[in-house]
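First up is the structure itself, then whatever we jot down about it.
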Amino acid sequence: FKEAAADPKHPAWEAVKTADAQSGWLMLQHAANSQCGVKAIDALIAAYPDALKVATEDGKLPIHLLAQGAQLKGDTEKGSLKLLADKEGGLISMIKGYPEAAKMADQSGMLPLHLAMKGPAPEPAVRELLAAHPVAVSQPCGEQSELPLHIAAEHKATAEAMDVLIEAHPKAASTRTARGNLPLHFAAAAGAVDVVEALLKAHRGACRVSNQAGMLPLQLACEEMAPVHGGHFGLRTLRTRYGGGFRLLGRRALSLVRTR
C-alpha cells in the first residue's frame with residue numbers, strides 16, 4: 001500500500017477502494033475494526049484517504065471502529081491500545097486525515113470519545129480526541145444521557161484519563177444521568193478505587209447524593225463487594241479497599257449502609 005500511495009496506477013488502488021461483497025466494508029474499515037497494526041492502517045489511509053469518510057451501515061466511520069477497539073481483550077486489546085496511544089500514527093493519522101470525524105456521532109449517538117472511554121482508552125488517546133473536538137467532553141449520549149466521564153468511571157478508566165476529562169469539564173463530576181447517577185455512582189459500583197478517589201477530589205459532595213433508586217455511592221460499593229466476600233464484610237474491609245477516599249464518604253452514607 002505504500003507503493004500504491006506513490007503510484008496512482010498501482011493495481012492495489014482498486015482493492016483499497018473497493019468494498020467487499022459480504023459486508024460492504026472497505027479495507028480500512030476492516031483494519032480499524034480488527035485493530036491492525038499502526039503501519040498497516042497508516043498505509044491504507046495513505047493509499048485511499050477518502051476511506052476515512054466512509055461509514056458502516058450503523059454510521060461508524062473508521063475512527064469509531066478504531067476507538068471502540070479499546071473494549072477488546074487479550075492480544076487484540078494490546079494492539080488496540082498501541083493504535084490509540086501511538087504518537088505518530090493510528091488514531092492520530094485518522095484525525096489528521098479527517099478532523100471532522102471526531103465531531104461525528106454514529107447512529108446510536110456516540111462520538112469517538114464516548115466509544116473510546118468504554119475501553120477505556122489510554123490517556124494519550126483521550127487528549128487527542130479532545131484536542132480534535134473539545135466540546136465532546138460535555139456532550140451526553142444514549143438513553144441515560146451519559147457524559148464521557150460517566151462512561152469512563154463505569155469502565156474503570158485510568159486515573160490519568162480521568163484527570164484529563166475532569167480538567168476539560170469539571171462540572172461533569174456533578175452531572176447526573178437520566179437515572180440520577182453521578183460518575184461516582186458508576187465508579188463505586190465498578191469497584192474502581194482510583195477512579196473513586198479522583199472523583200471525590202473533584203466533587204466531595206457526590207458521596208452524599210442518592211440516585212433515583214435511592215442508592216448512595218457507598219451502598220453501590222457495598223453491593224459490588226458483597227459477592228466477593230460472601231455477603232459478609234465489615235467497614236474495615238471497605239476502609240482497606242477505598243483508602244483515603246473512604247473517609248470522605250461521610251457519616252450519613254455509613255449510617256444508611258448499617259441499616260441495610
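As a basis for the values below, the full set of heavy atoms in this structure was taken, side chains included, without hydrogen atoms, waters or symmetry mates.
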Task: Atom pair NE2/OG1 of His150 and Thr175 - distance to nearest 0.5 Å - done: 6.0 Å
- [ ] Side-chain contact test, heavy atoms from C-beta onward, threshold under 4.5 Å: evaluate it for Met104 versus Leu111 and give yes or no.
- [x] no
Task: Nearest heavy-atom neighbours spanning Ala153 and Ala190 - done: O-CB, 4.3 Å
- [ ] Can you see which heavy atom on Leu182 is nearest to which on Ala173, and at what distance?
- [x] CD2-O, 4.0 Å
TODO: Nearest 0.5 Å please: distance from the OG1 atom of Thr18 over to the CG atom of Leu26.
DONE: 8.0 Å
Task: Donor-acceptor under 3.5 Å (His30 side chain, Met27 main chain) - done: no
TODO: Measure the spacing between CD of Glu146 and NZ of Lys118 and express it to the nearest 0.5 Å.
DONE: 8.0 Å
TODO: Might you work through the side-chain contact (heavy atoms from CB on, under 4.5 Å) test for Leu52 and Ile45, ending with a clear yes or no?
DONE: CA-CA 7 Å; Leu52 291 168; Ile45 293 173; 3.9 Å; yes
Open item on the list: With a 4.5 Å cut-off on side-chain heavy atoms, are Ile151 and Cys141 touching?
Closed with: yes
- [ ] With rounding to the nearest 0.5 Å, note down the distance linking CG in Leu218 to CG in Leu184.
- [x] 9.5 Å
Open item on the list: Within a 6.0 Å radius of atom CD on Glu57, are there more than 12 heavy atoms belonging to other residues, nucleotides or ligands?
Closed with: yes
Open item on the list: What I'd like to find out is whether the side chain of Leu28 reaches to under 4.5 Å of the side chain of Leu65, using heavy atoms alone.
Closed with: no
- [ ] Evaluate the criterion side chain to side chain donor-acceptor pair (under 3.5 Å) for residue pair Glu100 and His133; output intermediate values, then yes/no.
- [x] CA-CA 8 Å; Glu100 290 299 308; His133 187 39; over 6 Å; no
Open item on the list: Any heavy-atom pair between the side chains of Asp50 and Val54 that's under 4.5 Å?
Closed with: no
Open item on the list: Any heavy-atom pair between the side chains of Lys60 and Gln68 that's under 4.5 Å?
Closed with: yes
Open item on the list: According to salt bridge (Lys or Arg N to Asp or Glu O under 4.0 Å), does anything in residues 174-195 pair up with another residue at least two apart or in another chain? List the pairs.
Closed with: none
Task: Shortest non-hydrogen separation from Pro62 to Ala32 and the atoms involved - done: O-CB, 3.5 Å
Open item on the list: Please give me the minimum heavy-atom distance between Val195 and Ala157, naming the atom from each residue.
Closed with: CG2-O, 3.2 Å
TODO: Hey, could you give me each pair passing side-chain hydrogen bond (donor to acceptor under 3.5 Å, both in side chains) that has a residue in residues 180-191? Not counting sequence neighbours.
DONE: Asn181-Asn211
Task: Reference residue Phe186; test side-chain contact (heavy atoms from CB on, under 4.5 Å); the match among Leu220, Thr177, Val196 - done: Thr177
Open item on the list: Hydrophobic clustering (ILVMFWY, side-chain heavy atoms < 4.5 Å, transitive) - are Val137 and Leu147 grouped together?
Closed with: no
Task: His203 side, atom NE2; Ile166 side, atom CD1 - distance, nearest 0.5 Å - done: 11.5 Å
- [ ] Check for a donor-acceptor pair, side chain of Glu167 on one end and backbone N or O of Met162 on the other, with a separation under 3.5 Å.
- [x] no
Open item on the list: I'd like to check Lys156 versus Pro120 (side-chain heavy atoms, cut-off strictly below 4.5 Å). Are they in contact?
Closed with: no
- [ ] Using atom types as modelled and distance alone, determine if a side-chain donor or acceptor of Gln219 lies under 3.5 Å from a backbone N or O of Leu216.
- [x] yes
TODO: Would you mind reporting whether Leu199 and Leu149 have side-chain heavy atoms less than 4.5 Å apart?
DONE: yes
Open item on the list: Any heavy-atom pair between the side chains of Val135 and Lys103 that's under 4.5 Å?
Closed with: no
Open item on the list: Please check: side-chain N/O of Asp106 versus main-chain N/O of His64, any donor-acceptor pairing under 3.5 Å?
Closed with: no
Open item on the list: For a quick test of reading the model, state the closest non-hydrogen atom pair linking Gln29 to Gly24 and the distance between them.
Closed with: OE1-O, 4.3 Å
Open item on the list: Tell me the closest heavy-atom pair linking Ala198 and Asp163, and the distance in Å.
Closed with: CB-OD1, 4.4 Å
- [ ] Mind checking the OG-NE2 spacing from Ser108 to His114? Nearest 0.5 Å is all I need.
- [x] 9.5 Å
Task: Electrostatic pair Glu123:Arg127 at N-O distance under 4.0 angstrom - done: yes
